[in-house]
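Let me begin by presenting the structure, written as structure tokens, before commenting on it.
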Protein chains: 4
Amino acid sequence: MNRVVLVGRLTKDPDLRYTPNGVPVTTFTLAVNRTFTNQQGEREADFINIVVWRKSAENAANYLKKGSLTGVDGRIQTRNYDGQDGKRVYVTEVVAESVQFLDTKKEQGNYQTTNQTNSDYPFVNDAQSVDIKDDDLPF
Amino acid sequence: MNRVVLVGRLTKDPDLRYTPNGVPVTTFTLAVNRTFTNQQGEREADFINIVVWRKSAENAANYLKKGSLTGVDGRIQTRNYDGQDGKRVYVTEVVAESVQFLDTKKEQGNYQTTNQTNSDYPFVNDAQSVDIKDDDLPF
Amino acid sequence: MNRVVLVGRLTKDPDLRYTPNGVPVTTFTLAVNRTFTNQQGEREADFINIVVWRKSAENAANYLKKGSLTGVDGRIQTRNYDGQDGKRVYVTEVVAESVQFLDTKKEQGNYQTTNQTNSDYPFVNDAQSVDIKDDDLPF
Amino acid sequence: MNRVVLVGRLTKDPDLRYTPNGVPVTTFTLAVNRTFTNQQGEREADFINIVVWRKSAENAANYLKKGSLTGVDGRIQTRNYDGQDGKRVYVTEVVAESVQFLDTKKEQGNYQTTNQTNSDYPFVNDAQSVDIKDDDLPF
DNA sequence: TTTT
DNA sequence: TTTT
């Protein structure tokens with residue numbers, strides 16, 4: 001059981017790339033405002049890295065931009081790789097299964113489904129079946 | 001909106017500490033098994049760092065140990081601090097609002113509530129009202 | 001563990017009432033659009049009844065209206081009572097712990113915390129400590 | 001956005017049926033203990049109806065029984081039909097996308113994915129693509 | 001640095 | 001009894 005739901009705004013425009021096998025992957029950071037204030041009475045935010053695969057990746061890249069109010073439904077993923085300085089780098093990010101565009105009049109959503117092979121299927125998802133090379137991911 | 005629900009097992013015994021003002025804080029890592037297998041047909045896990053505050057921190061330290069099946073309901077928090085090598089360190093972790101012990105017969109739960117001041121309350125929570133010094137946190 | 005997160009639109013203006021002891025309670029129905037289409041290629045919705053207590057109830061009544069895009073974080077509650085025709089009526093609804101207004105520029109949120117006694121506290125919540133008489137609830 | 005996560009115990013053995021087109025569907029009720037107590041100091045539960053489709057339906061029927069500790073990840077669905085007394089009946093239930101068996105040593109999970117047609121796929125899901133006749137559902 |  |  002690993003479930004995450006977030007609503008926040010993109011800190012920058014989304015970043016669409018392709019894996020060596022041509023699978024689209026979009027990354028962006030969501031700023032999610034906290035519901036409480038800190039000692040100084042300020043409302044802070046958490047900055048959460050999001051990864052979206054396949055058709056949803058292309059939709060996110062097309063419809064989202066810096067500042068877009070966005071809902072994300074997905075799961076937390078951890079991975080690690082060797083940094084350029086030789087030390088191990090640990091990454092925690094959210095793999096989106098669904099991205100909802102909340103700024104538009106019709107708040108259109110994109111759903112993906114897990115481990116999909118048949119890609120002419122309308123709701124495509126997750127792409128854990130695809131090799132994720134660390135350097136394909138911009139985070 | 002920032003919501004996380006996890007079920008997994010502790011990778012080690014939990015670690016209970018106290019802030020300078022005496023607030024209990026427990027940390028542990030949850031291994032959450034994935035529902036799908038990788039290229040080699042193996043089932044992998046995500047390793048997610050959890051922070052629990054106040055009464056729930058003490059309960060978690062008392063009732064959980066390495067391997068305990070545990071449910072966590074909380075939110076993702078990001079923070080950063082200057083590492084000993086001078087580079088900025090970015091941390092993503094889950095602040096638990098509720099921890100449920102799933103191994104025991106009665107799967108007893110602990111609920112905390114946010115920004116609580118009155119601590120003789122049975123379900124105490126979150127402690128964002130408390131100064132969190134980075135070096136109080138073991139992650 | 002009982003967690004619900006929804007984003008949808010109010011089907012009507014919210015309904016604010018008070019319990020006999022003067023506790024505010026607001027109810028409304030959220031239309032949550034599905035991510036998939038039915039046999040006829042239409043996109044349907046689920047219509048989910050929401051209950052909000054205390055300070056958040058008053059905020060919801062002030063800031064929300066028919067059509068407002070709204071996020072809800074809460075839990076599923078079931079209860080039953082004897083209907084006027086003598087048969088038992090079973091109700092399933094969502095008790096909101098947090099309501100987020102997604103239409104406004106600052107998408108202001110309201111957080112409540114559970115079983116709160118001290119009510120001059122900024123984030124008040126849930127009111128399970130309060131007697132809920134069935135006929136105080138409009139559903 | 002419509003997400004539900006529950007952990008609870010089956011109130012009875014699960015009920016496996018098949019739609020006219022042969023699609024397996026299992027239903028059961030989860031008793032989810034509340035984290036707080038009522039006026040009398042008792043800990044109550046919510047009783048939530050769950051619907052599981054396809055492969056997960058068969059797995060749930062095989063592995064779960066009355067009392068099984070079970071995690072459910074899914075979405076709230078509302079529907080209505082004409083009751084035998086001529087009045088409209090309104091139903092709120094949770095359609096499970098994933099069911100996790102928490103009693104077993106390996107807490108095996110079952111994942112489904114949405115709107116799947118190709119059923120030799122390992123993680124099959126949701127079956128909203130399938131006609132749901134109201135009288136196929138025991139609730 | 002990882003659990004069953 | 002349903003929203004955009």
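Below, chain A is the first sequence line, B the second, and so on; all start at residue 1. Note that the coordinates shown come from a computational prediction; the quantities given were computed from them, not determined experimentally.
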| request: Would you mind reading off the distance between A/Asn80 atom CG and E/dT1 atom P, rounded to a whole angstrom? | output: 7 Å
| request: Go through F/dT3, F/dT2, E/dT3 for me and flag the one nearest to the C/Thr29 side chain. | output: F/dT2
| request: Indicate yes or no: at least one non-hydrogen side-chain atom of D/Val7 is less than 4.5 angstrom from one of D/Val32. | output: no
| message | Side chain of A/Tyr90, heavy atoms from C-beta onward: which of E/dT4, E/dT1, F/dT3 has the nearest atom to it? | response | E/dT1
| Should the pair B/Arg3-B/Glu97 be classified as a salt bridge under the 4.0 Å nitrogen-to-oxygen rule? | yes
| query | Once you round it to whole Å, what is the distance between P of F/dT2 and CG of C/Leu64? | reply | 21 Å
| task | With sequence neighbours excluded, tell me which residues meet side-chain contact (heavy atoms from CB on, under 4.5 Å) with B/Glu42. | result | B/Asn38, B/Gln40
| query | How long is the line joining CD1 of A/Ile76 and P of E/dT3, in whole Å? | reply | 19 Å
| request: Specify the separation, in whole Å, of atom CD of B/Glu42 and atom P of E/dT4. | output: 18 Å
| Residue B/Phe47, side-chain heavy atoms: nucleotide from E/dT2, E/dT1, F/dT3 that is nearest | E/dT2
| note | To the nearest angstrom, the CZ-C1' distance between B/Phe28 and E/dT2 comes to 14 Å
| task | Let me know the distance between OH of A/Tyr81 and P of E/dT1, rounded to the nearest Å. | result | 15 Å
| Whole angstrom value for the distance that separates P of E/dT2 from CG of A/Asn2 | 19 Å
| All side-chain contact (heavy atoms from CB on, under 4.5 Å) counterparts of C/Lys66, not counting sequence neighbours | C/Asp13
| field | Length of the CZ-P vector between C/Arg43 and F/dT3, whole Å | value | 15 Å
